[in-house]
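All remarks here apply to the structure that follows.
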Amino acid sequence: MSDVTTALAYSTDSAGMHPSHTLPIKLRAIAKAGFNQAELAFPDLEAYAEQEFPGYQKLDEHGHGDLDKLLQAADKVKKLCEELRISILAVHPFSQFEGYENTKKRATGFERATAWFKVLKALDCQMLQVGSTPDPSTSSDYDVIARDLRQLADEAAAQDPPIRIAYEMWAWGIHVNTWEHIWEVCKRVDRPNFGLCLDTFQICARAYADPTSDDGLLQNISQGSASTQLASSLSALSATLPPEKIFYFQISDGSRKVRPDALKKNAEEQGIHPLYEWSNAWRPVPLMDTVCPRDDKGSWGGYLPVVDVCQAVLKTGWRGPWAYEVFYEEDMSKDDAGVPAKWTKAAKEAHDLLVQQLKGGGV
């Protein structure tokens, strides 16, 4: 590893979106590209369980379903990872969990967590990523949000081996959607096994970019421009976040290849926030045009200041695991056996270039 990272991971759901891109194929591509860890998407694991056990019933919001079969699938994945000499950095996304006032709804989330903890144990994984909830029915009171996450952290700490909780701000989160928000929640949770998952895309999606605007940038900014607003936010991040509370760092770019009107229309049809639609389909690898030029000679459209965000995180003094989590549906959803290798290889080459740029910048 370089002296800016302690481990390097690639997310399984970023290694292909077509059913032919099975979890074993993705894991093999991740290992072959030079990553020593994988970030495991729970839907990928369930898809693998369906392949291994016809008739498999997915876990519901209570964590009920064919859990025994899922644990068998997880054990097979663990053995494959051992064969490939990679480990599972984290499992994601555990979502729509925190902030419910309804006692039954709240209990449902903890039931689901209990099932997921068993899956993590079977995978020999000790970190669960929790994404900030987009559910508008949840409380906006950070004390209520922290109450739930504190209990989750305590239950995670009681597992054998103990599990850490990495809380990520999702830009489309209803009450928590910036790094400042997750840090405020983290302080209130106040548990050693509860920390942050930072993400270049999520940070920029709230402090710099607006894919629904004509130029792709935030409009009507009090600080003058998207660039000055981001710079101010990143300066505060570097001065504020204790490095020991950053559990890992996700890397991706954002693309302008999608037209604003098309993005808004697709989001409306799915009943989701435009930033969620953008995240699901238009997040290329940073420096993608350099490491993997398109066959049509066009651009992948990446335009976020990824290097600036990386510099800010490293200025906290943090050195830890980096995970590439990228989504480009137009290409990844193709029935093409080369997709997993293409994207994992591009990410590793981009990472090496990114590290060079960071070192050149004095980090």
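Excluded from the calculations below are hydrogen atoms, water molecules and symmetry mates; all remaining heavy atoms, backbone and side chain alike, are included. Sequential numbering from 1 along the given sequence is applied to the chain's residues. All values derive from a computational prediction rather than experimental measurement.
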ask   = Sub-3.5 Å donor-acceptor pair from the side chain of S233 to the main-chain atoms of Q229, do we have one?
value = no

inquiry  = Any salt bridge linking E268 with K264? Criterion: basic side-chain nitrogen under 4.0 Å from a carboxylate oxygen.
reply    = no

query = So which heavy atom on D124 is nearest to which on K78, and how close?
reply = CB-CD, 3.8 Å

Exam field: side chain H62 to backbone H64, donor-acceptor pair closer than 3.5 Å = no

Derivation of the salt bridge (Lys or Arg N to Asp or Glu O under 4.0 Å) call for E349 and K345 = CA-CA 6 Å; E349 292 180 4; K345 181 174 179 288; 2.7 Å; yes

query = Looking at L59 and A115, what are the two nearest heavy atoms and their distance?
reply = CD1-CB, 4.1 Å

ask   = For K245, does the NZ atom sit with more than 12 other heavy atoms under 6.0 Å from it, leaving out its own atoms?
value = yes

task = Give a yes or no on this: more than 12 heavy atoms of other residues, nucleotides or ligands lie within 6.0 Å of atom CG of D296.
result = yes

query = Taking S235 for the side chain and A231 for the main chain, is one N or O donor matched with an acceptor at less than 3.5 Å?
reply = no

query = Parallel, tilted or perpendicular for W322 and W318, by the 30°/60° rule?
reply = parallel

Donor + acceptor pair across side chains of E52, Q72 (<3.5 Å) = no

query = Are L217 and L234 connected in a single hydrophobic cluster, I mean Ile/Leu/Val/Met/Phe/Trp/Tyr linked by side-chain heavy atoms less than 4.5 Å apart?
reply = yes

query = Aromatic rings W170 and Y276: how do their planes relate, parallel, tilted or perpendicular, breaks at 30° and 60°?
reply = parallel

inquiry  = So C292 and K342, do their side chains get closer than 4.5 Å, heavy atoms only?
reply    = yes

inquiry  = If hydrophobic clusters are built from ILVMFWY residues whose side chains come within less than 4.5 Å, do I203 and V307 share one?
reply    = yes

inquiry  = Measuring only between side-chain heavy atoms, which start at C-beta, is T5 closer than 4.5 Å to H351?
reply    = yes

request  = Using the six-membered ring of Y56, assess whether NZ or CZ of K69 lies under 6.0 Å from its centre and within 45 degrees of the ring axis.
outcome  = no

ask   = Are more than 12 heavy atoms from other residues, nucleotides or ligands located less than 6.0 Å from atom CG of D143?
value = yes

inquiry  = Tell me whether R319 is salt-bridged to D3, with the criterion being a basic N under 4.0 Å from an acidic carboxylate O.
reply    = no

query = Under a 4.0 Å N-O cut-off, is there an ion pair linking E184 with R188?
reply = yes

query = Between R294 and D289, does at least one N-O distance fall below 4.0 Å, as a salt bridge requires?
reply = no

key: Whether N193 side chain and I163 backbone form a donor-acceptor pair below 3.5 Å   = yes

query = Can you find a pair of side-chain heavy atoms, one from V285 and one from W300, that are under 4.5 Å apart?
reply = no

query = Are T228 and S225 linked by a side-chain donor-acceptor pair shorter than 3.5 Å?
reply = yes

query = Aromatic ring centroids of F35 and Y10 under 6.0 Å?
reply = yes

query = Roughly how far apart are Q202 CD and E168 CD, rounded to 0.5 Å?
reply = 5.0 Å

query = Does NZ or CZ of R164 lie under 6.0 Å from the centre of the six-membered ring of F247, at an angle within 45° of the ring axis?
reply = yes

Enclosure of K265 NZ (heavy-atom neighbours >12, cutoff 6.0 Å) = no

key: Worked check of side chain to side chain contact (heavy atoms under 4.5 Å, CB included) between S279 and L275   = CA-CA 6 Å; S279 173; L275 291 177; over 6 Å; no

ask   = For residues S213 and D215, is any side-chain donor paired with an opposing acceptor at under 3.5 Å?
value = yes

ask   = In Å, rounded to the nearest 0.5 Å, how long is the span from SG of C186 to CD1 of I165?
value = 11.5 Å

inquiry  = Could you check whether D141 and S139, counting side-chain N and O atoms only, form a donor-acceptor pair closer than 3.5 Å?
reply    = no

ask   = Hey, what do you get for OH (Y142) to CD (E98), rounding to the nearest 0.5 Å?
value = 10.0 Å

ask   = Just by distance, do the side chain of D75 and the backbone of A122 share a donor-acceptor pair under 3.5 Å?
value = no

task = Looking only at non-hydrogen atoms, find the nearest pair between P340 and I25 and report the distance.
result = CG-CG2, 4.0 Å

ask   = Can the ring centroids of W282 and F327 be said to lie less than 6.0 angstrom from one another?
value = no

ask   = Atom CZ in F94, atom OG1 in T133: separation rounded to 0.5 Å?
value = 11.0 Å

Note: K257-E330 ion pair, threshold 4.0 Å (strictly below) = no

request  = Of all the heavy-atom pairs spanning K315 and S238, show the shortest one and how long it is.
outcome  = CB-OG, 3.7 Å

inquiry  = Looking at W116 and V91, would you say the former's side chain and the latter's main chain have a donor-acceptor pair under 3.5 Å?
reply    = no

inquiry  = With a 4.5 Å cut-off on side-chain heavy atoms, are L23 and L40 touching?
reply    = yes

query = Rounded to the nearest 0.5 Å, how far apart are CZ of R256 and CG of L263?
reply = 12.0 Å

ask   = Is any side-chain heavy atom of M169 closer than 4.5 Å to a side-chain heavy atom of W183?
value = no

inquiry  = Given 3.5 Å as the limit, does a donor-acceptor pair link the side chain of R206 with the main chain of A171, or not?
reply    = yes

Minimal non-hydrogen separation, A31 against I86, with atom names = CB-CG2, 3.8 Å

key: salt_bridge(R85, E82) N-O dist < 4.0 Å   = no

R106 side chain to Q151 side chain, donor-acceptor N/O pair below 3.5 angstrom = yes

key: Closest approach of C125 to M127 (non-hydrogen atoms, all atoms of both residues)   = SG-O, 3.4 Å

ask   = Any sub-3.5 Å donor-acceptor pair from Q159's side-chain atoms to E155's backbone N or O?
value = yes

ask   = Taking the side chain as C-beta and beyond, is there a heavy-atom pair between H181 and H175 under 4.5 Å?
value = no

request  = Check for a donor-acceptor pair, side chain of H18 on one end and backbone N or O of M332 on the other, with a separation under 3.5 Å.
outcome  = no

message = Do L237 and E180 make a side-chain contact, defined as non-hydrogen atoms from C-beta onward lying under 4.5 Å apart?
response = no

key: Approximate separation, where rounding is to 0.5 Å, of Q357 CD and D352 CG   = 12.0 Å

request  = Specify whether Y167 and F194 have parallel, tilted or perpendicular ring planes, treating 30° as the upper limit for parallel and 60° as the lower limit for perpendicular.
outcome  = tilted

ask   = If you count the non-hydrogen atoms of other residues, nucleotides and ligands that lie under 6.0 Å from CG in D214, is the total more than 12?
value = no

inquiry  = I'd like to know whether CD of E329 has more than 12 heavy-atom contacts from other residues, nucleotides or ligands below 6.0 angstrom.
reply    = no

inquiry  = Is it true that Q37 and S87 share a donor-acceptor pair across their side chains at a distance under 3.5 Å?
reply    = yes

task = Answer yes or no: is there a side-chain heavy-atom contact under 4.5 Å between W179 and T240?
result = yes

key: Pair D13, H92: side-chain N/O donor-acceptor within cut-off below 3.5 Å   = yes

query = Do the two ring centres, one from W343 and one from Y324, sit under 6.0 Å apart?
reply = no

message = Closer than 4.0 angstrom, basic N to acidic O: yes or no for R150 and D190?
response = no

Y248 backbone acceptor or donor facing Q250 side chain under 3.5 Å = no

ask   = So, Y100 versus D135: side-chain donor-acceptor pair below 3.5 Å or not?
value = yes

message = Any salt bridge linking R283 with D253? Criterion: basic side-chain nitrogen under 4.0 Å from a carboxylate oxygen.
response = no

